[in-house]
Chemist: 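Sending over a structure as C-alpha cells; questions will come in a sec.
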Amino acid sequence: MKKVTIDQLVIGEGEPKIIVPMVDQTEKALLASAAQISQLDCDIVEWRIDFFEAVEKPEIVAELSHKLKTALNKPLLITFRTHQEGGVLPLSDEKYFELYQTVIKEGKADLLDLELFMPEAPVAQTMKAAQQKGIKVVMCNHDFDKTPAKEEIITRLRAMQEKGADICKLAVMPQSSEDVLTLLDATREMYETYADRPLITMSMGALGMVSRVSGQVFGSAATFGSAGTASAPGQIPVNELRKILKTLAV
C-alpha cells in the first residue's frame, strides 16, 4: 500500500487524518478562519474555492492560496466542487480547468481535488501538471441523492486508482442503515482486495455519521470535521472527532 507523505504527515497509516473545510466567501473571512483553524488539532485544511467570491478570477485565487498556506501552517487541499456534485457555483469545464492550471502554476497547494467524471483528457493533463509540481491529487465522486450498489462504488474507486490519483475519495448519501453498511463493506473490500493507495470514503448525513469515525476499521484514511460551517451533511466538530478517533483507534 502506497502512502502519501506531505511534510511530516503520512496519509494511509495510523489514525484517519482529519480534514477541516473552509467555506468563507471573502478574503478577510478566510484569513480569519485560517488563523482559527491553525490552532485546531486537525491534519489538513480544505479550501472550498467554489464558495469564494472572487473564484472566477484565477490569479486572485492563486495569490490568496499563498497567504492561507502561511496562515494555516498545515497541508492545504484546494477544491472547486462542481455544481453537479454539490458545489455552490456553476462553472464551465473550460473555466474549471483554467482555474486549476493557474492554481498549479502560480498558487500554493499541497493537494488538489479533481472529480472523476470531468472530461478525461483535461483531467489527465491537470493531474500530470499537479503531480509534476509535487501536488498530490485527490480524485473524487459524490452522490448527494443515493448510495450506489457496492459493485459500483468499488468500480468508481478502482477507476480513480487506474487514472493515477494519489488518493481516491467517494461520498454517498444513505437512505437507510443498509446503505451505510453498503458503503462500509465496499470500502473494506476495496481496501483489502484492490487498493494500493489511500482511500477516503464516507456516508453522509446523520445516518452515515458512523462512517466518518470508523475509517481505521474499514480502510478509509481520512475524515472531515467542521470548525464552524460544515461543507457537507454529517460533519462532526473537529475536537469531538479527534476524541472519538482516539477512542476507536485499533
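Only heavy atoms go into these numbers, but all of them, side chains included; no hydrogens, no water, no symmetry mates. These figures come from a predicted structure and were not determined experimentally.
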Chemist: Looking only at heavy atoms, what is the nearest atom pair of Met173 and Gly205, with distance?
Modeler: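 Minimum heavy-atom separation between Met173 and Gly205: SD-N, 4.5 Å.
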Chemist: For atom CG of Asp185, decide whether the heavy atoms of other residues, nucleotides or ligands shown that lie under 6.0 angstrom number more than 12.
Modeler: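 Yes, because the 6.0 Å sphere around CG of Asp185 holds more than 12 heavy atoms from other groups.
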Chemist: Using the rule given for side chain to side chain contact (heavy atoms under 4.5 Å, CB included), can you reason through Glu13 versus Met1, listing the C-alpha separation, both sets of side-chain angles and the distance that settles it, and then say yes or no?
Modeler: CA-CA 10 Å; Glu13 72 174 24; Met1 175 73 71; over 6 Å; no
Chemist: For the atom pair CZ (Phe80) and CH2 (Trp47), what is the distance rounded to the nearest 0.5 Å?
Modeler: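 The CH2 atom of Trp47 is 12.0 Å from CZ of Phe80, to the nearest 0.5 Å.
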Chemist: Does Asp50 use its side chain to pair, donor to acceptor, with the backbone of Val88 at less than 3.5 Å?
Modeler: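 A pair under 3.5 Å: yes.
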Chemist: If you count the non-hydrogen atoms of other residues, nucleotides and ligands that lie under 6.0 Å from NZ in Lys133, is the total more than 12?
Modeler: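 Yes, because the 6.0 Å sphere around NZ of Lys133 holds more than 12 heavy atoms from other groups.
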Chemist: Is there a chain of hydrophobic side chains (I, L, V, M, F, W, Y, each step under 4.5 Å between heavy atoms) that links Val10 to Ile6?
Modeler: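 No, because Val10 and Ile6 fall into different hydrophobic clusters, even though each may have its own neighbours under 4.5 Å.
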Chemist: May I ask you to decide if the ring planes of Phe144 and His142 are parallel, tilted or perpendicular, using 30° and 60° as cut-offs?
Modeler: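 Correct class here is parallel.
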Chemist: Heavy atoms only: give me the nearest Gln25-Phe52 pair and the separation to one decimal.
Modeler: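 Minimum heavy-atom contact is O-CD1, 3.2 Å.
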Chemist: Are side-chain heavy atoms of Leu89 and Glu56 found at a separation under 4.5 Å?
Modeler: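 Yes, close enough: below the 4.5 Å cut-off.
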Chemist: Go through the steps to decide whether Ile135 and Ile78 satisfy the test side chain to side chain contact (heavy atoms under 4.5 Å, CB included), and finish with yes or no.
Modeler: CA-CA 10 Å; Ile135 300 169; Ile78 292 183; over 6 Å; no
Chemist: Checking Asp143 side chain against Asp145 main chain: does a donor-acceptor pair fall under 3.5 Å?
Modeler: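 Answer holds: yes.
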Chemist: To the nearest 0.5 Å, how far apart are NZ in Lys150 and CG in Leu184?
Modeler: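 One gets 11.5 Å once the value is rounded to the nearest 0.5 Å.
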Chemist: Thr223 vs Leu245, test: side chain to side chain contact (heavy atoms under 4.5 Å, CB included). Steps then yes/no.
Modeler: CA-CA 10 Å; Thr223 187; Leu245 292 177; 4.1 Å; yes
Chemist: I need the Ser220 OG to Met190 CE distance, nearest 0.5 Å.
Modeler: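 So the gap between those two atoms works out to 12.0 Å.
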Chemist: If hydrophobic clusters are built by linking Ile, Leu, Val, Met, Phe, Trp and Tyr wherever their side-chain heavy atoms come under 4.5 Å apart, do Met118 and Val137 end up in the same one?
Modeler: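 Looking at the clustering, Val137 is in the same group as Met118.
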Chemist: For Val217, does its backbone N or O pair with a side-chain atom of Ser214 as donor and acceptor, under 3.5 Å?
Modeler: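 It does not hold such a pair.
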Chemist: Decide whether Leu181 and Leu157 are clustered together by the hydrophobic rule: side chain heavy atoms of Ile, Leu, Val, Met, Phe, Trp, Tyr closer than 4.5 Å, transitively.
Modeler: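 No, because Leu181 and Leu157 fall into different hydrophobic clusters, even though each may have its own neighbours under 4.5 Å.
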Chemist: Would you say that more than 12 heavy atoms from the other residues, nucleotides or ligands in this model lie under 6.0 Å from the CD of Gln175, or not?
Modeler: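 Enclosed: over 12 neighbouring heavy atoms sit under 6.0 Å from CD of Gln175.
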Chemist: A side-chain contact here means heavy atoms from C-beta on lying under 4.5 Å apart; do Leu183 and Phe218 qualify?
Modeler: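 A side-chain contact under 4.5 Å is absent here.
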Chemist: Do Gln125 side-chain atoms and Phe97 backbone N/O form a donor-acceptor pair below 3.5 Å?
Modeler: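 No, because the side chain of Gln125 does not come within donor-acceptor range (under 3.5 Å) of the backbone of Phe97.
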Chemist: Is the backbone N or O of Gly164 less than 3.5 Å from a side-chain atom of Gln131, with the two atoms forming a donor-acceptor pair by type?
Modeler: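 Yes; judged by distance alone, with no hydrogens or angles, the pair exists.
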Chemist: So, Asp110 and Lys69, do they make that salt bridge, N to O below 4.0 Å?
Modeler: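 Lys69 and Asp110: salt-bridged.
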Chemist: Hey, could you give me the OG1/CG distance between Thr82 and Leu114, rounded to the nearest 0.5 Å?
Modeler: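 If I round to the nearest 0.5 Å, the distance is 11.0 Å.
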Chemist: For Tyr191, look at atom OH and say whether over 12 heavy atoms of other residues, nucleotides or ligands are found less than 6.0 Å away.
Modeler: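 No, not enclosed.
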Chemist: Side chains of Leu76 and Lys108: does their closest heavy-atom pair fall under 4.5 Å?
Modeler: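 Answer no - side chains too far apart.
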Chemist: Can you tell if the side chain of Leu68 reaches within under 4.5 Å of the side chain of Met22, non-hydrogen atoms only?
Modeler: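 With C-beta onward as the side chain, the pair touches.
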Chemist: Donor-acceptor check, side chain of Ser211 to backbone of Met202, threshold 3.5 angstrom: yes or no?
Modeler: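 Looks like no, no N/O pair under 3.5 Å.
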Chemist: For the backbone of Ile19 and the side chain of Glu46, can you confirm whether one donor and one acceptor N or O come within less than 3.5 Å of each other?
Modeler: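 Looks like no, no N/O pair under 3.5 Å.
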Chemist: With no hydrogens and no angle check, is any side-chain donor or acceptor of Ser203 less than 3.5 Å from a backbone partner on Val180?
Modeler: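 Not at all, since once roles are kept as given, no pair shorter than 3.5 Å links the two residues.
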Chemist: With side chains defined as the heavy atoms from C-beta onward, is the minimum distance between Phe117 and Glu85 less than 4.5 Å?
Modeler: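 Yes, at least one pair of side-chain atoms sits under 4.5 Å.
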Chemist: Roughly how far, to the nearest 0.5 Å, is the CG atom of Asp113 from the SG atom of Cys140?
Modeler: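 Nearest 0.5 Å value for the SG-CG distance: 3.5 Å.
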Chemist: Flag the pair Thr126 / Leu112 as yes when at least one side-chain heavy-atom distance between them is below 4.5 Å, and no otherwise.
Modeler: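 Yes, side chains in contact.
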Chemist: Quick one: does any side-chain atom of Tyr100 pair with a main-chain N or O of Met127 as donor and acceptor, under 3.5 Å?
Modeler: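 No, the answer is negative, given that no donor and acceptor are paired below the 3.5 Å cut-off.
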Chemist: If you take all heavy atoms of Gly14 and Gln216, which pair is closest and at what distance?
Modeler: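 Closest pair (atom of Gly14, atom of Gln216, distance): O-NE2, 3.6 Å.
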Chemist: Between Lys74, Lys17, Arg242, which is the residue that forms a side-chain hydrogen bond (donor to acceptor under 3.5 Å, both in side chains) with Asp43?
Modeler: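 Testing each of Lys74, Lys17, Arg242 against Asp43, the sole residue satisfying side-chain hydrogen bond (donor to acceptor under 3.5 Å, both in side chains) is Arg242.
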Chemist: Between Leu91 and Val55, is the side chain to side chain contact (heavy atoms under 4.5 Å, CB included) condition met? List the steps.
Modeler: CA-CA 10 Å; Leu91 196 70; Val55 69; 5.9 Å; no
Chemist: Does Leu30 reach the side chain of Lys67, with side-chain heavy atoms less than 4.5 Å apart?
Modeler: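 Not touching, per the 4.5 Å side-chain cut-off.
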Chemist: Less than 4.5 Å apart, side chain to side chain, heavy atoms only: is that true for Ser65 and Val103?
Modeler: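 No; the side chains remain at least 4.5 Å from each other.
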Chemist: Can you name the nearest heavy-atom pair linking Thr5 to Lys136, along with the distance?
Modeler: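 Closest heavy-atom pair between Thr5 and Lys136: O-CE, 3.9 Å.
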Chemist: Between Thr147 (side chain) and Val172 (backbone), is there a donor-acceptor pair under 3.5 Å?
Modeler: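 Checked: no pair found.
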Chemist: Can Leu40 be reached from Leu241 by stepping across I, L, V, M, F, W or Y side chains whose heavy atoms are under 4.5 Å apart?
Modeler: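 Both belong to a single hydrophobic cluster.
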